[in-house]
Amino acid sequence: MNTTTTFPLATSLSIRFLLGVIIAVVGGLLLFLAVLNPPMDELREMALFLTATALLSVAAVYGIYRLGWLYHSPRLSWTLLSGYGFASLLTFLNVFITARLMFASDHDLRLAAVLLIFAGGIATALGYFLSTAVSEKIQGVDRAATAIAEGKRDVRVEVVGGDELARLGHTFNQMAARLDAAEQQQRETEQLRRNLLAWIGHDLRTPLSSIQALMEALTDGIVTEPAEVRRYLRTVQRDATSLSALIDELFEMAQIEVAGLHLDRQPNSLSDLISDTLESFAIPAKEMGVVLSGSADPQVDPVTVDAGLIGRVLTNLIGNAVRHTPSGGTVAVTAQRATDAVRVDVFDSGPGIPADSLPKVFEQFYRGEQSRSRATGGGSGLGLAIAKAVVEAHGGAIGVENRLEGGARFYFILPNG
């Protein structure tokens with residue numbers, strides 16, 4: 001169920017208006033007393049008059065507010081200008097009536113009326129200028145918002161000053177930038193998903209076609225020599241293993257996205273995990289001419305982790321290193337203890353990773369073109385994403401960098417306080 005958060009106008013607005021009116025009445029009486037030092041009767045009459053006009057002003061403003069006239073205006077500048085005009089009218093009435101009661105001379109009364117009308121005109125002109133300036137700023141935000149709604153994500157508003165409208169402009173620009181970044185990320189994700197479908201189709205079709213052709217050759221009796229039969233069966237087994245690994249990765253990533261990872265943390269030997277993983281790659285590494293080695297700090301063990309999941313991380317990182325290391329190269333794994341943590345590094349002597357690919361290697365479905373050109377294949381593009389999810393679920397961090405002497409270095413750090 002979708003919910004919408006709204007921010008209503010401050011309920012204390014009317015209270016603040018009433019407080020302002022009270023301050024104006026009290027301040028006027030104190031100023032009247034201080035300047036003219038009137039007798040008590042005149043002070044009482046002035047107090048009654050100011051109170052009555054203040055109540056009439058409050059009633060008028062309340063009536064305008066309750067009738068909703070503030071919200072019927074098509075433009076904010078007109079609303080503000082009407083407010084200036086209304087305030088000028090109230091000022092004229094208050095002062096003119098006071099002058100009529102207090103002034104003995106008709107000449108002074110007429111002069112006061114002329115001056116009040118003049119002052120009201122100046123105030124209205126100033127109000128028009130200010131209201132138009134404010135309205136233009138808001139119209140700029142409105143035009144930019146309309147442009148963004150039409151799909152123009154590069155639109156920004158000009159920000160001048162440091163008031164509320166300037167902060168609104170800053171907030172709007174930040175929102176627009178985030179929308180632009182989100183749309184760009186969405187486009188990249190969609191492209192990666194399309195690439196994934198193509199890659200998975202290729203990775204499924206190729207071994208399946210190979211298995212089908214080999215099995216037909218065996219079934220039809222085209223291959224009868226025992227040595228050839230064994231070679232065909234080994235190829236079928238390798239292709240079936242590749243298919244199984246791809247399906248497992250797809251299932252595992254889907255499970256991570258839907259249900260998350262459930263860790264079974266127990267004290268385990270990280271040294272044994274590294275040794276077992278290296279041993280599992282001994283035969284394929286030998287066939288590819290890659291030398292494997294590993295070492296661990298004696299102070300590393302025990303480490304409180306989910307052994308199965310961390311073993312999967314090691315499998316993905318070491319397998320990735322072996323695939324990208326040419327014949328005659330090396331892959332080395334080291335484990336060291338740091339303060340309240342352990343660090344595992346996987347080094348390879350391959351060609352390294354292109355600079356533009358370094359920030360993306362842990363993204364789901366990402367697979368650089370360089371890796372696809374290798375005869376060993378580039379994997380599904382999910383192995384490193386799975387490794388990242390597992391390490392982060394343990395509260396750790398994972399990363400990669402190119403080595404100055406050549407090759408890449410993947411690493412992950414696990415808390416072990």
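When a residue number appears, it is its place in the shown sequence, counting from 1.
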Query raised in the report: If you count the non-hydrogen atoms of other residues, nucleotides and ligands that lie under 6.0 Å from CD in E405, is the total more than 12?
Result: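 Buried by this count: over 12 neighbours within 6.0 Å.
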
Query raised in the report: Is the CD atom of E158 crowded by more than 12 outside heavy atoms at less than 6.0 Å?
Result: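 No, because the 6.0 Å sphere around CD of E158 holds 12 heavy atoms or fewer from other groups.
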
Non-hydrogen side-chain atoms of [X] and [Y] separated by less than 4.5 Å:
X: M288; Y: V322; answer: yes
X: F410; Y: N320; answer: yes
X: Q299; Y: Q336; answer: no
X: L292; Y: E279; answer: no
X: V342; Y: I413; answer: no
X: N316; Y: V313; answer: no
X: L233; Y: L218; answer: yes

At what distance, to the nearest 0.5 angstrom, does [atom1] of [X] lie from [atom2] of [Y]?
X: K152; Y: T146; atom1: NZ; atom2: OG1; result: 10.0 Å
X: D340; Y: L414; atom1: CG; atom2: CG; result: 13.0 Å
X: I274; Y: I318; atom1: CD1; atom2: CD1; result: 7.5 Å
X: I222; Y: L214; atom1: CD1; atom2: CG; result: 10.5 Å
X: M175; Y: D180; atom1: CE; atom2: CG; result: 11.5 Å
X: I386; Y: R312; atom1: CD1; atom2: CZ; result: 5.0 Å

Determine yes or no for a side-chain-to-main-chain donor-acceptor pair under 3.5 angstrom, with [X] supplying the side chain and [Y] the backbone.
X: R403; Y: D348; answer: yes
X: N402; Y: I353; answer: yes
X: N268; Y: L270; answer: no
X: D306; Y: D264; answer: yes
X: S349; Y: T330; answer: yes
X: T277; Y: L273; answer: yes

Query raised in the report: Do the numbers put R343 on top of the ring of F412, so that NZ or CZ is under 6.0 Å from the six-membered ring centre and no more than 45° off the axis?
Result: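 The answer is no, since R343 fails at least one limit relative to F412.
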
Report task. Dump the intermediate steps for side chain to side chain contact (heavy atoms under 4.5 Å, CB included) on F281 and T315, then the final yes or no. Result -> CA-CA 9 Å; F281 281 97; T315 298; 3.9 Å; yes

Report task. Begin from the C-alpha positions of V236 and M215 and carry the test side chain to side chain contact (heavy atoms under 4.5 Å, CB included) through to its verdict. Result -> CA-CA 8 Å; V236 169; M215 294 304 297; 4.1 Å; yes

**Report entry** Working for side chain to side chain contact (heavy atoms under 4.5 Å, CB included), residues T334 and V344
**Finding:** CA-CA 6 Å; T334 64; V344 177; over 6 Å; no

Query raised in the report: Given the rule in the side chain to side chain contact (heavy atoms under 4.5 Å, CB included) test, do R265 and V305 qualify, once you have shown the distances and angles that lead to the verdict?
Result: CA-CA 4 Å; R265 294 176 183 263; V305 294; 5.5 Å; no

Query raised in the report: Is the shortest side-chain N to carboxylate O distance from R409 to D345 below 4.0 Å?
Result: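 D345 and R409: salt-bridged.
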
Report task. For R234 and Q237, test the side chains for any donor-to-acceptor distance below 3.5 angstrom and give the result as yes or no. Result ->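 Distance-only check fails for R234 and Q237.
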
